[in-house]
Protein chains: 2
Amino acid sequence: MTFHALADPTRRGMLASLALGEKSIGELAEPYAMSFAGAAKHVKVLEGAGLIARRKVGRAQLCSLRAAPLAEAQQWLRQWERFWTLRLDRLEDLLRDAPEGEAE
Amino acid sequence: MTFHALADPTRRGMLASLALGEKSIGELAEPYAMSFAGAAKHVKVLEGAGLIARRKVGRAQLCSLRAAPLAEAQQWLRQWERFWTLRLDRLEDLLRDAPEGEAE
DNA sequence: CTGTAATTCAACCATATGGTTGAACGACTC
DNA sequence: GAGTCGTTCAACCATATGGTTGAATTACAG
């Protein structure tokens with residue numbers, strides 16, 4: 001679900017905004033030419049992906065970044081790291097020459 | 001576009017399959033309980049995201065992994081690395097204590 | 001030339017997504 | 001209690017997505 005949450009530029013922007021500190025939903029929504037309710041839906045998607053935590057302060061909902069899913073996503077991408085650290089364009093030759101073996 | 005391409009488990013599976021070497025579209029489609037045309041659409045999404053390259057061999061289209069967009073995605077995620085290398089649960093306190101300063 | 005395998009394309013369908021508006025709710029201000 | 005601010009919710013809309021089927025294309029095999 002994390003990748004889907006990250007697929008939208010508005011949501012990535014909100015994460016960047018939260019990187020600077022806690023923000024209310026209204027503060028998160030403000031930079032976007034979009035209704036409050038529309039932006040709140042994006043917040044809900046981020047929350048569903050576990051990327052933000054919320055705490056109630058008076059009538060405001062303060063959101064903060066939860067990086068754990070980002071760490072998992074990065075971990076997943078690391079699987080492929082060898083494909084760009086090794087010369088990419090030679091890799092297919094390596095695999096064809098030794099289809100049963102390991103690339104390293 | 002990369003994150004959107006990675007958001008679907010079928011497409012992630014296809015990438016994993018391609019990590020083992022070139023595959024035709026039919027070979028990529030075979031593991032999935034889905035029509036050929038349906039799977040071919042996923043391949044097209046991956047291609048649109050620049051995650052696979054294709055070359056024609058006879059009547060088959062051989063697909064191979066292009067890792068560059070994955071590397072970019074990982075690079076993007078690295079922006080947030082400090083949020084999970086620092087103690088996550090203390091971070092919000094740090095930011096609240098020094099709202100104008102840097103976390104490090 | 002015929003047939004078939006791998007792919008492409010177009011049409012179609014159901015549901016999800018990204019957005020809107022407007023009404024309702026809970027908490028602070030006066 | 002009345003007003004208002006921040007938020008939530010429900011209804012609605014247009015378009016995108018993920019899937020289907022069937023017909024058309026292309027390349028090889030006989």
Side-chain angles (χ1 to χ4, degrees), chain A residues 1-18 20-66 69 73 92 96, chain B residues 1-18 20-66 69 73 92 95-96 99:
Chain A
M1 217 164 174
T2 305
F3 284 128
H4 170 249
L6 295 179
D8 185 280
T10 299
R11 291 194 285 265
R12 286 196 299 272
M14 286 179 169
L15 288 183
S17 181
L18 286 176
L20 274 46
E22 281 189 320
K23 294 265 193 323
S24 72
I25 300 188
E27 287 170 325
L28 283 175
E30 181 268 332
Y32 302 99
M34 178 187 312
S35 68
F36 178 92
K41 282 192 185 181
H42 285 294
V43 173
K44 192 162 287 187
V45 171
L46 290 170
E47 192 184 8
L51 282 161
I52 65 181
R54 300 159 63 159
R55 65 193 183 93
K56 205 170 174 178
V57 174
R59 57 193 157 187
Q61 292 279 346
L62 289 194
C63 305
S64 56
L65 186 60
R66 281 196 59 239
E92 56 181 34
R96 210 179 301 117
Chain B
M1 220 170 173
T2 305
F3 284 128
H4 170 249
L6 295 180
D8 185 279
T10 300
R11 293 195 283 267
R12 286 196 300 271
M14 287 178 168
L15 288 182
S17 180
L18 286 175
L20 274 45
E22 279 188 321
K23 295 265 192 323
S24 71
I25 299 187
E27 289 170 323
L28 283 175
E30 182 266 333
Y32 301 99
M34 181 188 305
S35 70
F36 179 92
K41 281 193 184 180
H42 284 294
V43 173
K44 191 161 289 186
V45 171
L46 289 169
E47 192 185 8
L51 282 161
I52 65 181
R54 299 159 63 158
R55 65 193 183 90
K56 206 170 174 179
V57 173
R59 57 193 155 186
Q61 293 278 347
L62 289 195
C63 305
S64 55
L65 186 60
R66 282 197 59 237
E92 57 180 33
L95 288 165
R96 210 178 302 119

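Chain naming here is simple, since letters A, B, ... match the order of the sequence lines and numbering starts at 1 in each.
Looking at heavy-atom distances under 4.0 Å, A:Gly26 makes contact with sugar-phosphate atoms alone, never a base. Within 4.0 Å (heavy atoms only), A:Ser24 reaches sugar-phosphate atoms of the nucleic acid but no base atom. Within 4.0 Å (heavy atoms only), A:Gly38 reaches at least one base atom of the nucleic acid. If you check every strand for non-hydrogen atoms under 4.0 Å, A:Ala40 touches nothing.
With C:dT21, C:dC9, C:dT7 as the candidates, the nucleotide lying closest to the side chain of B:Ala37 is C:dC9. Of all nucleotides listed (D:dT7, C:dG18, C:dT7), D:dT7 comes nearest to the side chain of A:Phe36. Side-chain proximity of A:His4 to the nucleotides D:dG18, C:dG18, C:dA6 is greatest for C:dG18.
OP1 and OP2 of C:dT8 both lie 4.0 Å or more from every side-chain N or O belonging to B:Lys44. Neither OP1 nor OP2 of C:dT29 sits under 4.0 Å from any side-chain N or O of A:Arg59. Taking only side-chain nitrogens and oxygens, A:Arg54 never comes nearer than 4.0 Å to OP1 or OP2 of D:dG6. Distances shorter than 4.0 Å separate none of the side-chain N or O atoms of B:Ser35 from OP1 or OP2 on D:dG19. The phosphate of C:dG26 (OP1 or OP2) has no side-chain N or O of A:Gln61 nearer than 4.0 angstrom.
Taken from OG1 in B:Thr10 to CG in B:Leu15, the straight-line distance is 11.0 Å, to the nearest 0.5 Å. Between B:Asp8 atom CG and A:Phe3 atom CZ the span is 12.0 Å, to the nearest 0.5 Å. With rounding to the nearest 0.5 Å, the separation of OG in A:Ser17 from CD in A:Glu22 is 12.0 Å.
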**OP:** Apply side chain to side chain contact (heavy atoms under 4.5 Å, CB included) to B:Lys23 and B:Leu62, showing your working.
**Re:** CA-CA 5 Å; B:Lys23 295 265 192 323; B:Leu62 289 195; over 6 Å; no

**OP:** Apply side chain to side chain contact (heavy atoms under 4.5 Å, CB included) to the pair B:Arg11 and B:His4, showing each step before the final yes or no.
**Re:** CA-CA 10 Å; B:Arg11 293 195 283 267; B:His4 170 249; 3.8 Å; yes

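Rounded to an integer number of Å, the gap from CE of A:Met34 to C1' of C:dT20 is 11 Å. As a whole-Å value, the separation of A:Ile25 CD1 from D:dC5 C1' is 13 Å. Rounded to whole angstrom, the span from the NE2 atom of A:His42 across to the P atom of C:dG18 amounts to 6 Å. Atom CD in B:Glu47 sits about 8 Å away from atom P in C:dT8, given to the nearest Å. Rounding to whole angstrom units, CZ of residue B:Arg12 and P of D:dG18 are separated by 12 Å. Rounding to whole angstrom units, CD of residue A:Glu30 and P of D:dC5 are separated by 16 Å. A straight line from NZ of B:Lys23 to P of C:dT7 spans 13 Å, rounded to a whole angstrom. Rounded to an integer number of Å, the gap from CD of B:Glu27 to P of C:dA6 is 9 Å.
Between B:Leu62 and B:Lys41, the residue whose closest nucleotide on DNA chain C is further toward the 5' end is B:Leu62.
When each of A:His42, A:Gln61, A:Arg54 is paired with A:Glu47, the side-chain hydrogen bond (donor to acceptor under 3.5 Å, both in side chains) condition holds for A:Arg54 and for no other.
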